[in-house]
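These notes are about the structure you will find just below.
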Amino acid sequence: DYYEAYARNFPCENERDTQDEIRRLLKSQVGDWDISIIRHGEKIIAGYHTKLINISEYGVFSVAEYLWSDKAARGTGLGKLLYERTIRARKDQGSVGHFGEIRDVEMLPVEEMINDKRAGTTADKRIGFWKKQRRLVLDAPWLQPPLHASGKEVDYLMLTLSPLDD
């Protein structure tokens, strides 16, 4: 059920993991992977993949993979709620910062802009959402490598860091 909802919200195969890969990551002993969800009845309407990593002398960080909510739930605050609860849990587990990829609204391919428009997502809405999360954009090139054998790299993302500890 989760993968079906997640795939609907990440229609670009290059931006999403395969179902087998998600299953492998959750069972893996490498990192602390977790998927937080929100349900409406039996239906999963929002989700967020994160993991904890220890970066030697810098401490423990949370790394985000995917934050999504169903089209009908967008604009209701569920994404914000899921983000805040997940980040609070990761902070309670010792994370001092939260890394995440976001779409660079200036570099999106035309087909992704069309998908955003169909979903009612605008560049201003994206930027406003990220600002509320206190995301700081890292001024460094960012290229997501292929997520699976048949995938392609994604070159329209930016890496961000949200401080969790003053």
Side-chain angles (χ1 to χ4, degrees), residues 2-26 31 33-38 44-53 55 58 61-84 86-87 90 95 97-164:
Y2 177 80
Y3 190 80
E4 193 175 295
Y6 156 67
R8 250 192 334 271
N9 287 280
F10 280 91
C12 177
E13 290 183 10
N14 295 319
E15 277 195 77
R16 72 171 187 256
D17 283 316
T18 64
Q19 188 170 5
D20 288 340
E21 179 63 7
I22 290 175
R23 186 175 287 120
R24 185 190 72 74
L25 290 171
L26 289 172
W33 280 95
D34 195 16
I35 297 177
S36 303
I37 64 168
I38 294 178
I44 298 171
I45 59 171
Y48 199 21
H49 303 39
T50 61
K51 79 173 191 171
L52 288 177
I53 59 169
I55 304 178
Y58 299 104
F61 287 81
S62 174
V63 178
E65 289 296 318
Y66 304 96
L67 173 62
W68 61 269
S69 60
D70 275 346
K71 185 178 177 181
R74 291 184 189 147
T76 64
L78 283 181
K80 180 182 177 188
L81 176 71
L82 183 58
Y83 177 84
E84 288 173 351
T86 301
I87 294 307
R90 290 309 197 184
S95 180
H98 179 71
F99 287 104
E101 297 170 336
I102 59 175
R103 289 174 161 202
D104 184 336
V105 295
E106 300 294 326
M107 296 181 66
L108 283 174
V110 173
E111 62 272 9
E112 293 302 317
M113 289 183 192
I114 292 169
N115 288 338
D116 274 1
K117 189 172 182 176
R118 284 186 188 137
T121 303
T122 66
D124 287 343
K125 284 181 182 178
R126 281 190 187 280
I127 292 168
F129 183 71
W130 300 325
K131 282 182 177 180
K132 288 177 189 174
Q133 296 174 355
R134 299 185 330 134
R135 290 186 184 240
L136 305 173
V137 175
L138 302 180
D139 187 15
W142 184 251
L143 184 67
Q144 176 186 282
L147 297 176
H148 42 83
S150 62
K152 295 183 173 109
E153 62 192 23
V154 178
D155 62 358
Y156 49 83
L157 302 174
M158 295 186 293
L159 187 61
T160 65
L161 174 64
S162 298
L164 302 182

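No hydrogens, no waters, no symmetry mates; every other heavy atom, side chains included, goes into these values. All residue numbers refer to positions in the sequence shown, counting from 1.
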**Between OH on residue Y3 and CD1 on residue I44, distance to nearest 0.5 Å** = 13.5 Å
**Message:** Could you tell me if the side chain of T160 sits less than 4.5 Å from the side chain of E101, heavy atoms only?
**Reply:** no
**Asked** Could you go step by step and tell me if T50 and R90 meet the side-chain contact (heavy atoms from CB on, under 4.5 Å) rule?
**Response** CA-CA 9 Å; T50 61; R90 290 309 197 184; 3.1 Å; yes
**Request:** Please examine the side chains of E65 and L25, heavy atoms only from C-beta on, and report whether any two atoms are closer than 4.5 Å.
**Result:** no
**Request:** State whether the number of non-hydrogen atoms from other residues, nucleotides or ligands found under 6.0 Å of E111 atom CD is greater than 12.
**Result:** yes
**Message:** Determine whether a donor-acceptor pair (N or O, by modelled atom type, separation under 3.5 Å) exists between the side chain of K125 and the backbone of G75.
**Reply:** no
**Asked** Is there side-chain contact between R23 and Q19, with at least one heavy-atom pair below 4.5 Å?
**Response** yes
**Asked** Can you tell me if R134 uses its side chain to pair, donor with acceptor, with the backbone of P163 under 3.5 Å?
**Response** yes
**Request:** Check whether any side-chain N or O of R16 sits under 3.5 Å from a backbone N or O of P11 as a donor-acceptor pair, and report yes or no.
**Result:** yes
**Item:** Value rounded to 0.5 Å, distance of CG in D34 from NE2 in H49
**Value:** 10.5 Å
**Any E153 side-chain heavy atom under 4.5 Å of P146 side chain** = yes
**Asked** Between OG of S69 and NZ of K80, what distance do you get to the nearest 0.5 Å?
**Response** 14.0 Å
**Request:** Indicate the ring-plane relationship of Y83 and H98, choosing parallel, tilted or perpendicular according to the 30° and 60° boundaries.
**Result:** perpendicular
**Side-chain touch W142/M158, heavy atoms, less than 4.5 angstrom** = no
**Prompt:** Should Y66 and I22 count as side-chain neighbours, where that means a heavy-atom distance under 4.5 Å?
**Reply:** no
**Request:** Answer whether the closest heavy-atom distance between the side chains of N9 and R74 falls below 4.5 Å.
**Result:** yes
**Prompt:** So with a 6.0 Å cut-off around CD of E13, is the heavy-atom count from everything else above 12?
**Reply:** no
**Message:** Let me confirm one number: the CD1-CZ distance from I53 to F61, rounded to the nearest 0.5 Å.
**Reply:** 8.0 Å
**Prompt:** How are the rings of Y6 and Y2 set to each other: parallel, tilted or perpendicular (split at 30° and 60°)?
**Reply:** parallel
**Prompt:** Is the backbone N or O of S62 less than 3.5 Å from a side-chain atom of S95, with the two atoms forming a donor-acceptor pair by type?
**Reply:** yes
